[in-house]
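One structure follows; several queries about it will come next.
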Amino acid sequence: MKLPITEVIENVKDELLCYEGAEQTAERWEKEFLQWVEDHKGKDKDIIVDGGQVSLKIRDEEEIFEIADSYMDALDEGSVKHYWEKF
């Protein structure tokens with residue numbers, strides 16, 4: 001399934017905000033995600049540009065939860081750079 005980037009951001013941020021005090025974390029993820037998309041547009045098979053709209057190909061909605069949980073884990077472990085390398 002493919003989701004517009006705006007929906008991906010909204011859904012992941014909603015999941016991140018389930019964590020207490022994660023407002024800044026959600027904002028940081030959004031900023032880093034937009035940079036990742038910009039850096040990988042045209043280079044990553046999961047980023048689809050269709051008529052000016054940019055989407056991300058994901059397996060299913062469960063992947064949204066995994067994206068958020070993995071980011072929180074990466075923050076705890078100090079491995080955010082690695083998170084984006086493997087994204």
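Below, each value reflects all heavy atoms present in this structure, side chains not excepted, and no hydrogens, waters or symmetry copies. Each residue takes its place number in the sequence, starting with 1.
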Please round to the nearest 0.5 Å and tell me the distance separating atom CH2 of Trp84 and atom OG of Ser79.
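Trp84 CH2 to Ser79 OG: 12.5 Å, rounded to 0.5 Å.
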Is any side-chain heavy atom of Glu10 less than 4.5 Å from a side-chain heavy atom of Asp14?
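Glu10 vs Asp14: side chains touch.
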May I ask you to test the Ile5-Leu34 pair for a side-chain heavy-atom distance under 4.5 Å?
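In contact.
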Side-chain donor-acceptor pair under 3.5 Å between Gln35 and Asp39, yes or no?
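Yes, a side-chain donor-acceptor pair sits under 3.5 Å.
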Minimum heavy-atom separation for Ala26 and Leu16, please, with both atom names.
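That would be CA-CD1, 3.8 Å.
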How far does CD1 of Ile47 sit from NE2 of His40, to the nearest 0.5 angstrom?
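Ile47 atom CD1 to His40 atom NE2 measures 7.0 Å (nearest 0.5 Å).
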So which of Thr6, Ile48, Val8, Val37 actually passes side chain to side chain contact (heavy atoms under 4.5 Å, CB included) with Val54?
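Exactly one pass, corresponding to Val37.
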Distance check, rounded to the nearest 0.5 Å: Asp73 atom CG versus Glu66 atom CD?
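Nearest 0.5 Å value for the CG-CD distance: 11.5 Å.
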What residues form a salt bridge (Lys or Arg N to Asp or Glu O under 4.0 Å) with Glu61, not counting sequence neighbours?
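Result, salt bridge (Lys or Arg N to Asp or Glu O under 4.0 Å) vs Glu61: none returned.
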So, taking the atom named CD in Glu7 and the one named NZ in Lys2, what distance separates them when rounded to the nearest 0.5 Å?
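If I round to the nearest 0.5 Å, the distance is 11.5 Å.
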Glu38 atom CD, neighbour heavy-atom count above 12 within 6.0 Å:
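No.
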Run the side chain to side chain contact (heavy atoms under 4.5 Å, CB included) test against Leu75 and tell me which residues pass, sequence neighbours left out.
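Once residues adjacent in sequence are excluded, the partners of Leu75 under the side chain to side chain contact (heavy atoms under 4.5 Å, CB included) criterion are Thr25, Arg28, Tyr71, Met72, Val80.
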Ring pair (Phe, Tyr, Trp, His ring centres under 6.0 Å) partners for His82, two or more places apart
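Counting only residues at least two positions away or on another chain, His82 forms no ring pair (Phe, Tyr, Trp, His ring centres under 6.0 Å).
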Parallel, tilted or perpendicular, as decided by the 30° and 60° cut-offs, for the rings of Phe87 and Tyr83:
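The rings of Tyr83 and Phe87 sit tilted, inter-plane angle from 30° to 60°.
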Please report the shortest heavy-atom distance between Pro4 and Ser55, naming the atom on each side.
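In this case the closest contact between Pro4 and Ser55 is CA-OG, 3.7 Å.
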So, using salt bridge (Lys or Arg N to Asp or Glu O under 4.0 Å) as the criterion, who are the partners of Glu30 when residues are at least two apart?
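Checked Glu30 against salt bridge (Lys or Arg N to Asp or Glu O under 4.0 Å); matches are Lys13.
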Going by salt bridge (Lys or Arg N to Asp or Glu O under 4.0 Å), name the residues that satisfy it together with Lys57, two or more places apart in sequence or in a different chain.
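If we apply the salt bridge (Lys or Arg N to Asp or Glu O under 4.0 Å) test to Lys57, skipping adjacent residues, there are no hits.
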Within-4.5 Å side-chain heavy-atom neighbours: Ile58 and Leu56:
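Side-chain contact under 4.5 Å: yes.
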Same cluster (ILVMFWY, side-chain, under 4.5 Å), Leu3 and Val49:
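Same hydrophobic cluster.
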Hydrophobic cluster membership, Tyr19 vs Ile67, 4.5 Å side-chain cutoff
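Yes.
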Taking salt bridge (Lys or Arg N to Asp or Glu O under 4.0 Å) as the definition, give me every residue that meets it alongside Asp60, ordered by chain and number, with sequence neighbours left out.
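Counting only residues at least two positions away or on another chain, Asp60 forms no salt bridge (Lys or Arg N to Asp or Glu O under 4.0 Å).
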For a side-chain contact (heavy atoms from CB on, under 4.5 Å) check, start with the C-alpha distance between Val12 and Trp29, then their side-chain angles and the critical distance, and finish with the verdict.
CA-CA 9 Å; Val12 172; Trp29 181 87; 3.7 Å; yes
